[in-house]
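Report on one structure; see the data block that follows.
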Amino acid sequence: MLPFRPRVPCRRALVAAILLGFSASAWADAEAPACPIGTLVCPKPAQDWSLCRKNDLLDFYVADLPKDGQRDLADTEVKGRQSRSTDGENFVLEGDASIQQLDQLIRADRFTYARTSTQWSALGNVRYQDRDMLLSASDAHGSTTPNQATLNEVRYQLLSSRGNGRAGTAVMTDKDHAQLTDTSFTTCPLDAPGWEFRADAIELDQANGVGRARDMTFRIGDVPVFWVPYASFPLDDRRKSGFLYPEIGYSNDRGFELATPYYLNLAPNYDATLTPRLMTQRGLMFGGQFRYLTDTSRGTVEAEWLPHDRDADRRRSLFHWDDATRFNANWAASVQINHVSDDRYFEDFGRSLNIAATTLLPSSAYFLGQGNGWKASFGGDEYQITDPTLPNSVEPYRRLPRATFDAEHGLVGDLDAGLRSEYVSFSKNDAVDGRRLDLYPYLAYPLEAAAWFVRPEVGFRYTSYQIDRDSDKSPHRGVPIASLDAGLRFDRELTLAGNGYTQTLEPRIYYLRVPYRDQDNLPVFDTQEVPFSFGQLFRSNRFVGADRQMDANNLTVALTSRLIEDSTGSERVSASIGQIRYFDDQRVQLPGRAVTDYSGSTYVGELDLRLNDRWRFTVSNQWNPNTDRTDLSAFGVQNRFGQDGVFNLSYRFRRDLLEQADASVLIPLNEAWRLVGRWNYSMRDRKTLEAFAGIEHDSCCVAWRVLARHYVHNVERDTTDALYFEVEFKGVGSIGQKAGDFLRRAILGYQ
């Protein structure tokens, strides 16, 4: 079950009618993209109104009314096909009669109008329009100076957003204030509302962007769901404090869940969200989020706290701080601090298989600098183990402080000189501490043209240590590194099935020479071997981290071919294959690894085939000629069918690590009903890692989905079951778990 996390508020610009007592100006789910730089709020995602029919009120909409200017100062135009007056002061107008003042247009079968007092009344087929809404009424009366109107038996349609409703009486006291009695609002068709708000009275204050409702009821169909005696709500983009939409769910690990976040609009540049979360099997968790924005900084602080977890019989907590600060054009700071109370926190409260399987939780803080040809950093990193099966001894070293400096400068012609450097102090409980300096000055002479490139580079890598141990406290290593990367690009024109294509042939070689240096006396602080891939064919080191620099007398030979459709520029086929040829033994290894004497590396092949916009095939394979076995194999196929349908089938294998099959599908039955499902099976464990099935229904104003899910939720591979339910009242918000975001992650191509 997806747990609640504090949500990033987003503005909702529903003019008069978000009548819910929960503040609709601040809503978004936790997985939404980050807000744009420079604002605390982010745009509301687009909603689909394609299943809605046109509101009848739009039949009398006039598109070209003037909008620029001040209505109170504009001239009033009164007209009709027939006009009569007995005294030259009071007029009766009939036959398409109307009164217009700038963007305000009132039409009726019959008008009476007093010239001096500007009082008017309308009877029969009354139609009102301004820049924000359309109204129809049985009768109306008012004045143009001051600008006031009262309408009876009203139907209205918002123009700035989707929404309509009814009102017994609508009184517009001026251009910024109105009162409605016996009113309703919905985004559904008025003759068949799937849901609606009803209120005894509503006051609209456009000047302050606030609405107030009294005796308000939310109904699904004609059934009242809840009632509040009073509610205030926003009328525009100005944010407002209030309750956000609750989240409701159930899982057999946490029981029934209810989260009711409350949004606090503290200031234009900072806000907060407080979230009590009830879990019947575990207790009451308190959560919160604080966001801030200044001229130089933006950041988020989040925390969760469960005083007593009845299931685990202990206190549980989470803390997260994310900050980005820019001091000037050259210097900035980045902070990300994470901490959980225990190593099973994500298992018990994580939202997905990936998070539940998180083994290390990183924290870091850095000053960052950059300029013309250089960049630098100063800060530190540390990790917290969040996998209960791992001993404390495997916890990574703290890197505090850590400093880096990289620079590159052109010398003569295309000759460049550069430096990559790093200084780190390593520490860990019950382990040997130390400090490391790593320097790599180099010269590069890249030559490139449209059909070829040659990139020679020579450098010298020097690494020295100061280690807190009894012997060999200052080991070091110095080794020259030389490489040559070169490639060609051929292309030819092809015609296939009447379509023009360009086929490329791109051979590439990469020679690397690094003399052997004995490094067995060097510690291993933060270095590991990178899993082999096509990109590894062109790297100068198969290790990440400075504790090991591989020896090499290698030549990589690779070939890539692409097929590009001329009319669209789409890459229909991309195929690559390559191998490293070793002229010397590979002697530098991590502790416990044996020296290898392979004459060649694993063959790496990749194929991406897009037959058309509906079919795509991907294949990756690594065959090891030294063991005569496949080390890695992956296959995937995707088919898009119908309007939104998608089917994915994939297979993944990595020797001694995993072997999995995965199938997922989205089946649109018609424009309103869809089926979704996924099955992820581990052949290595002979166990289903995740399976779910669900159904979605969409209509003009209501969308809902139900999912049943079975998945592995901890590192011991125990499984749990969860039920997701989400209902969205379009234009207002949703209640339940954010199952749509989960489906976007689980089904490739889900929309």
Side-chain angles (χ1 to χ4, degrees), residues 373 406-420 440-461 479-494 501-517 529-544 548-564 571 573-588 596 598-608 620-626:
D406 298 341
E408 188 171 275
H409 181 69
L411 296 179
V412 179
D414 293 321
L415 181 64
D416 297 329
L419 172 68
R420 291 194 285 270
Y440 179 62
Y442 64 90
L443 293 173
Y445 195 74
L447 301 172
E448 300 191 28
W452 59 271
F453 67 87
V454 178
R455 304 177 188 134
E457 181 177 303
V458 295
F460 186 84
R461 187 170 196 179
V479 58
I481 300 174
S483 66
L484 176 66
D485 192 2
L488 297 172
R489 186 182 186 274
F490 303 97
D491 59 60
R492 64 173 180 171
E493 303 299 322
L494 293 176
Y501 294 88
T502 298
Q503 182 190 10
T504 70
L505 194 65
E506 305 168 35
R508 182 179 178 184
I509 61 171
Y510 178 73
Y511 177 75
L512 178 66
R513 181 69 175 115
V514 184
Y516 170 74
R517 297 292 187 268
E529 192 167 355
V530 179
F532 198 66
S533 65
F534 189 81
Q536 283 295 105
L537 299 176
F538 309 99
R539 286 175 55 94
S540 62
N541 196 9
R542 70 175 185 273
F543 302 102
V544 173
R548 292 293 183 272
Q549 169 60 57
M550 76 177 194
D551 57 320
N553 186 12
N554 308 337
L555 178 65
T556 293
V557 180
L559 181 66
T560 297
S561 182
R562 311 174 202 273
L563 190 65
I564 302 170
E571 189 175 270
V573 181
S574 175
S576 300
I577 189 170
Q579 188 201 28
I580 302 175
R581 301 301 300 175
Y582 300 119
F583 304 123
D584 293 333
D585 296 346
Q586 299 84 58
R587 300 172 63 184
V588 176
T596 60
Y598 300 147
S599 60
S601 72
T602 297
Y603 285 96
V604 183
E606 296 180 347
L607 173 66
D608 188 342
S620 298
N621 196 79
Q622 295 183 16
W623 181 72
N624 191 335
N626 306 295

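Both backbone and side-chain heavy atoms feed into the values below; hydrogens, waters and symmetry mates do not. Not measured: the values here are computed from a predicted model.
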Quick check: closest heavy atoms across [X] and [Y], and the distance to 0.1 Å?
| X | Y | value |
| --- | --- | --- |
| Pro625 | Thr602 | CD-CA, 4.1 Å |
| Pro480 | Pro515 | O-CD, 3.2 Å |
| Phe460 | Pro441 | O-CD, 2.9 Å |
| Asn626 | Gly600 | ND2-O, 2.8 Å |
| Gln536 | Arg542 | NE2-CA, 3.7 Å |
| Gly410 | Asp416 | CA-OD1, 3.5 Å |

What distance separates [X] [atom1] from [Y] [atom2], expressed to the nearest 0.5 Å?
| X | Y | atom1 | atom2 | value |
| --- | --- | --- | --- | --- |
| Leu484 | Arg513 | CG | CZ | 14.5 Å |
| Phe538 | Thr556 | CZ | OG1 | 6.0 Å |
| Ile577 | Leu537 | CD1 | CG | 10.5 Å |
| Ile481 | Tyr442 | CD1 | OH | 12.0 Å |
| Ser540 | Asn554 | OG | CG | 11.0 Å |
| Leu512 | Asn553 | CG | CG | 8.5 Å |

With the side chain counted from C-beta on, respond yes when [X] and [Y] share a heavy-atom pair under 4.5 Å apart, and no when they do not.
| X | Y | result |
| --- | --- | --- |
| Glu571 | Val573 | no |
| Phe532 | Val530 | no |
| Ser483 | Tyr511 | no |
| Thr560 | Phe534 | yes |
| Phe543 | Met550 | yes |
| Val514 | Val479 | yes |
| Ser561 | Glu506 | no |
| Val544 | Glu529 | no |

Legend entry - Enclosure of Arg581 CZ (heavy-atom neighbours >12, cutoff 6.0 Å):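 Check passes, neighbour count above 12.
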
Inset, instruction - Step by step, work out the side chain to side chain donor-acceptor pair (under 3.5 Å) result for Asp584 and Tyr516. - result: CA-CA 10 Å; Asp584 293 333; Tyr516 170 74; over 6 Å; no

Inset, instruction - Is it possible for you to check whether Arg455 lies under 6.0 Å from the centre of the six-membered ring of Phe453, through NZ or CZ, and within 45° of that ring's axis? - result: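 Yes - Arg455 lies over the ring of Phe453, closer than 6.0 Å to its centre and within 45° of its axis.
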
Legend entry - Test: Asp491 and Arg562 ion pair at under 4.0 Å: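 The answer is no: the pair does not qualify as a salt bridge.
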
Legend entry - Exam field: side chain Asp551 to backbone Val588, donor-acceptor pair closer than 3.5 Å: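 Answer holds: yes.
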
Legend entry - Polar side chain donor-acceptor pair, Thr596 to Gln586, under 3.5 angstrom: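 A donor-acceptor contact under 3.5 Å links the two side chains.
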
Inset, instruction - Give a yes-or-no answer on whether the side chains of Tyr603 and Asn624 include a donor-acceptor pair shorter than 3.5 Å. - result: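 No, no side-chain donor-acceptor contact under 3.5 Å.
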
Legend entry - Test log, rule side chain to side chain contact (heavy atoms under 4.5 Å, CB included), inputs Glu408 and Asp406: CA-CA 7 Å; Glu408 188 171 275; Asp406 298 341; over 6 Å; no

Inset, instruction - Could I get the full list of salt bridge (Lys or Arg N to Asp or Glu O under 4.0 Å) partners for Arg548, not counting sequence neighbours? - result: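 Once residues adjacent in sequence are excluded, Arg548 has no partner under the salt bridge (Lys or Arg N to Asp or Glu O under 4.0 Å) criterion.
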
